[in-house]
Visitor: 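My questions will all concern the structure given below.
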Protein chains: 2
Amino acid sequence: MDKRITIYDLAKTLGVSAGTVSRSLNDHPSISQKTKDRVISKANELGYKTNKFAVNLSKQKSNTIGVIVPKLNSIFMSTVLAGIEKIANEAGYNLIISQSLESMEKEKINAKTLYDSGVDALLVSLAYDTSNFDHFANYIKNKIPLIFIDRVTNLPNCSTIIIDNKLAGFVATEHLIAQGCKNLLYISGNLKQNVYSERLKGFQEAVAKHNLIFNNANLLESDLSPGSVKQAITHIKDTGIPFDGLFVANDSFAAHCLKELKKENYKIPQDIKIVGFNNDPISDLVTPTLSTINYPGYEMGILAGQSVISQLNGSIDFQAANSITLRHELIIRESSLK
Amino acid sequence: MDKRITIYDLAKTLGVSAGTVSRSLNDHPSISQKTKDRVISKANELGYKTNKFAVNLSKQKSNTIGVIVPKLNSIFMSTVLAGIEKIANEAGYNLIISQSLESMEKEKINAKTLYDSGVDALLVSLAYDTSNFDHFANYIKNKIPLIFIDRVTNLPNCSTIIIDNKLAGFVATEHLIAQGCKNLLYISGNLKQNVYSERLKGFQEAVAKHNLIFNNANLLESDLSPGSVKQAITHIKDTGIPFDGLFVANDSFAAHCLKELKKENYKIPQDIKIVGFNNDPISDLVTPTLSTINYPGYEMGILAGQSVISQLNGSIDFQAANSITLRHELIIRESSLK
């Protein structure tokens, strides 16, 4: 790669000192407007770029915010990121985005890389199997703002941005019960993750409140990948329980279940009613359309962005950083009608 | 924010010179292993971080790759990004990701910001309305690798990574004709974009080859947003042409059309056959399932990542950078059966 234009190149071309170039570019009062204009015009012409790294070095600021998400290619996560990027960009920050690919080991490496890169703050949605949080210790020790989104843990002085997953699980389940379901199945993701375990608590509370049975067979833990749909259908058919209501932890898996159940000649919603989660675009396009919980991903991203920018600007006290809970909403469509 | 640990802090704590600390951290042969171990251990303990910005300053390298995409929250784009991130991460590069929100003006600002940030390379998928490319001039002048993905333009020494959209459009259209369709409609995105205009050329070629009619009414340009589905349905119903085959420029819009046409009592595929584009997960979950063109987003991202890393490592001659065309594939499902 060619050497980039430096202040010295500019000085030589213009026949002035490097100090004059530097002061001109920094709008120093000791330099005449005419000289400033000449320097800036030449700098633009030659494609000089301000060396932000050098500037930031002295300021101990990189104007970058690190983000670690489990997977970039998830509708929910890319929607959250779109919101974060919008706010960060408006505030003059760049996002450095990495994916843990649902692995704690990769999350650790990403956290270290971003720390070494000098990010001013870090936003994280945890990997599927993250069970230890030592890789965030340097951020906390050095008071670098650290915000967890959706898949969270509670660490000292770290904010979390979540929805009330327990309440959402309760609302979805109580809706199925109100529609007449008596034998409910919750198809969950990895129960180590707060989002899935909280929804289970809500499911159990609703079932208990209405004096329905909950035992092991009313819960199926799954990786929610398309390859696991067959296992879910087998559970529904072979457990001996006449399931008439499914609460499924995401819309994509719910849509796959819906499709397979139709193939097995179940009528939806007559035989089995279904409620999904996330309000993915898919939920409104399948037949029958899928009842779901609206999960405000874009708003989460906007709030996460605003929260981190406020902390960086010092307009929120870092120590006061805490939990923000967004509103969710039950959307009733055809898959859970009476 | 607190001051971060410096080499001088480490030196003071350890009772050695700053030079010794620096040489130890850089594994200099003049320092004993015992001293190196002591320094590294203390550096880890206190959370010292290598100042990559300072290191990179001297090397003129930031180890970051800039990316500008139209929208982060698009299934296709987030899939491409997942592939790019994987390769960049493995090669020790961070991605700085920004979105143009489909606006050339924002794309210009992003290109400048990333340039000023000192990215080592730039990957771009163009915004909807980008018609001028001066904002990339500084990259080209300074020989910073610049690669266009999917929505591309031809600039000197810049690589492009695409599929053969014209051929894909031809194949999709000829399939509809082979299934018996005589009156075809291509529902396109903005025809300024190469991906949509090339598909139109393929559509027109197939129609011409089979002696079918193509006039203005056989093309509908749309922004492909859910809000524009009604316009498409009106076009199908009110143009006076008995359309029996739709080629739709993306699966999401095709799925919305499918849903609305069913509401209007069209039978799919008996009355109208449909082929979409992208092979989004949605295409296999709607009823009837949607025939489509598989668009290899993840492979595109992997190849874009490999191409940029090769250029940065000097293993591809920068001047030889050129166009990579990936294979697409027609996937026949229920929506276009006879």
Side-chain angles (χ1 to χ4, degrees), chain A residues 1-5 47 49-54 56-57 60 62-64 71-75 77-79 81-82 85-86 89 92 94-99 101 106 110 113-118 120 137-138 141-144 226 252 255-256 258-259 262 281-282 284-287 297-298 318, chain B residues 1-5 47 49-54 56-57 60 62-64 71-75 77-79 81-82 85-86 89 92 94-99 101 110 113-118 120 137-138 141-144 226 252 255-256 258-259 262 281-282 284-287 297-298 312 318:
Chain A
M1 206 180 302
D2 278 18
K3 197 164 164 297
R4 293 178 188 172
I5 298 293
K49 54 185 177 184
T50 317
N51 198 324
K52 275 208 187 160
F53 291 133
N56 292 326
L57 189 55
Q60 293 273 16
S62 68
N63 273 323
T64 56
K71 273 168 51 182
L72 280 165
N73 51 334
S74 122
I75 296 174
M77 263 307 144
S78 60
T79 306
L81 281 171
E85 199 278 342
K86 181 170 185 290
N89 190 293
N94 285 319
L95 287 191
I96 301 188
I97 298 178
S98 63
Q99 49 187 353
L101 298 173
K106 188 143 194 294
N110 291 349
T113 304
L114 291 170
Y115 183 81
D116 286 343
S117 297
D120 295 331
N138 269 339
K141 186 167 17 177
N142 290 288
K143 302 201 171 159
I144 297 168
S252 169
H256 277 102
L258 196 161
K259 183 181 171 184
K262 280 163 68 182
I282 210 169
D284 198 27
L285 289 168
V286 291
T287 309
Y298 191 73
F318 178 69
Chain B
M1 207 179 301
D2 277 17
K3 197 166 164 295
R4 293 179 186 170
I5 298 293
K49 56 185 175 185
T50 315
N51 199 323
K52 276 209 187 160
F53 291 133
N56 291 328
L57 190 54
Q60 293 273 14
S62 67
N63 273 323
T64 56
K71 273 167 52 184
L72 280 166
N73 50 333
S74 123
I75 296 174
M77 264 307 143
S78 59
T79 305
L81 282 171
E85 199 278 341
K86 181 169 184 292
N89 190 293
N94 285 318
L95 288 191
I96 302 188
I97 298 177
S98 62
Q99 50 186 354
L101 299 173
N110 291 349
T113 304
L114 291 170
Y115 182 81
D116 286 343
S117 297
D120 295 331
N138 269 339
K141 188 168 14 179
N142 290 287
K143 302 200 172 160
I144 298 169
S252 169
H256 277 101
L258 197 161
K259 182 181 173 187
K262 281 163 67 184
I282 208 169
D284 199 28
L285 289 169
V286 291
T287 308
Y298 191 72
L312 288 169
F318 178 68

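Each chain gets a letter, A, B and so on, in the order its sequence line appears, and its residues count up from 1.
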Visitor: Nearest 0.5 Å, please: how far is OG in A:Ser117 from CG in B:Asn63?
Guide: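 Interatomic distance, B:Asn63 CG to A:Ser117 OG, rounded to 0.5 Å: 8.0 Å.
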
Visitor: Which distance, rounded to the nearest 0.5 Å, do you find between the CG of B:Leu81 and the CG of A:Leu72?
Guide: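 CG of A:Leu72 is found 6.0 Å from CG of B:Leu81.
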
Visitor: Counting C-beta onward and ignoring hydrogens, is there a side-chain heavy-atom pair between A:Asn89 and B:Asn110 closer than 4.5 Å?
Guide: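 Yes; the side chains approach each other to less than 4.5 Å.
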
Visitor: Specify the closest pair of heavy atoms between B:Thr113 and A:Asn94, including all atoms of both residues, with the distance to one decimal.
Guide: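 In terms of heavy atoms, the two residues are closest at CG2-OD1, 3.6 Å.
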
Visitor: What part of B:Ile75 is in contact with chain A, defined as an atom under 4.5 angstrom from a non-hydrogen atom: side chain, backbone, both or neither?
Guide: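 Side chain only.
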
Visitor: For A:Lys86, what residues pass the salt bridge (Lys or Arg N to Asp or Glu O under 4.0 Å) criterion, not counting sequence neighbours?
Guide: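 A:Lys86 satisfies salt bridge (Lys or Arg N to Asp or Glu O under 4.0 Å) with A:Glu90 only.
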
Visitor: Which residues satisfy the salt bridge (Lys or Arg N to Asp or Glu O under 4.0 Å) test with B:Lys71, sequence neighbours excluded?
Guide: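 With neighbours one apart ignored, the set is empty.
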
Visitor: Measure the shortest side-chain to side-chain distance between B:Leu95 and A:Ile97 over non-hydrogen atoms and say whether it is less than 4.5 angstrom.
Guide: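 Not touching, per the 4.5 Å side-chain cut-off.
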
Visitor: Output the option from A:Thr287, A:Val286, A:Leu101, A:Leu285 having the highest count of non-hydrogen pairs under 4.5 Å with chain B.
Guide: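 If we count pairs closer than 4.5 Å to chain B, A:Leu285 comes out on top.
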
Visitor: If you count heavy-atom pairs under 4.5 Å with chain A, which of B:Lys262, B:Met77, B:Gln99, B:His256 comes out on top?
Guide: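 Top count of heavy-atom pairs under 4.5 Å with chain A: B:Gln99.
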
Visitor: Mind checking whether B:Asp284 and A:Lys259 have side chains closer than 4.5 Å, heavy atoms only?
Guide: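 Heavy-atom side-chain distance check passes, below 4.5 Å.
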
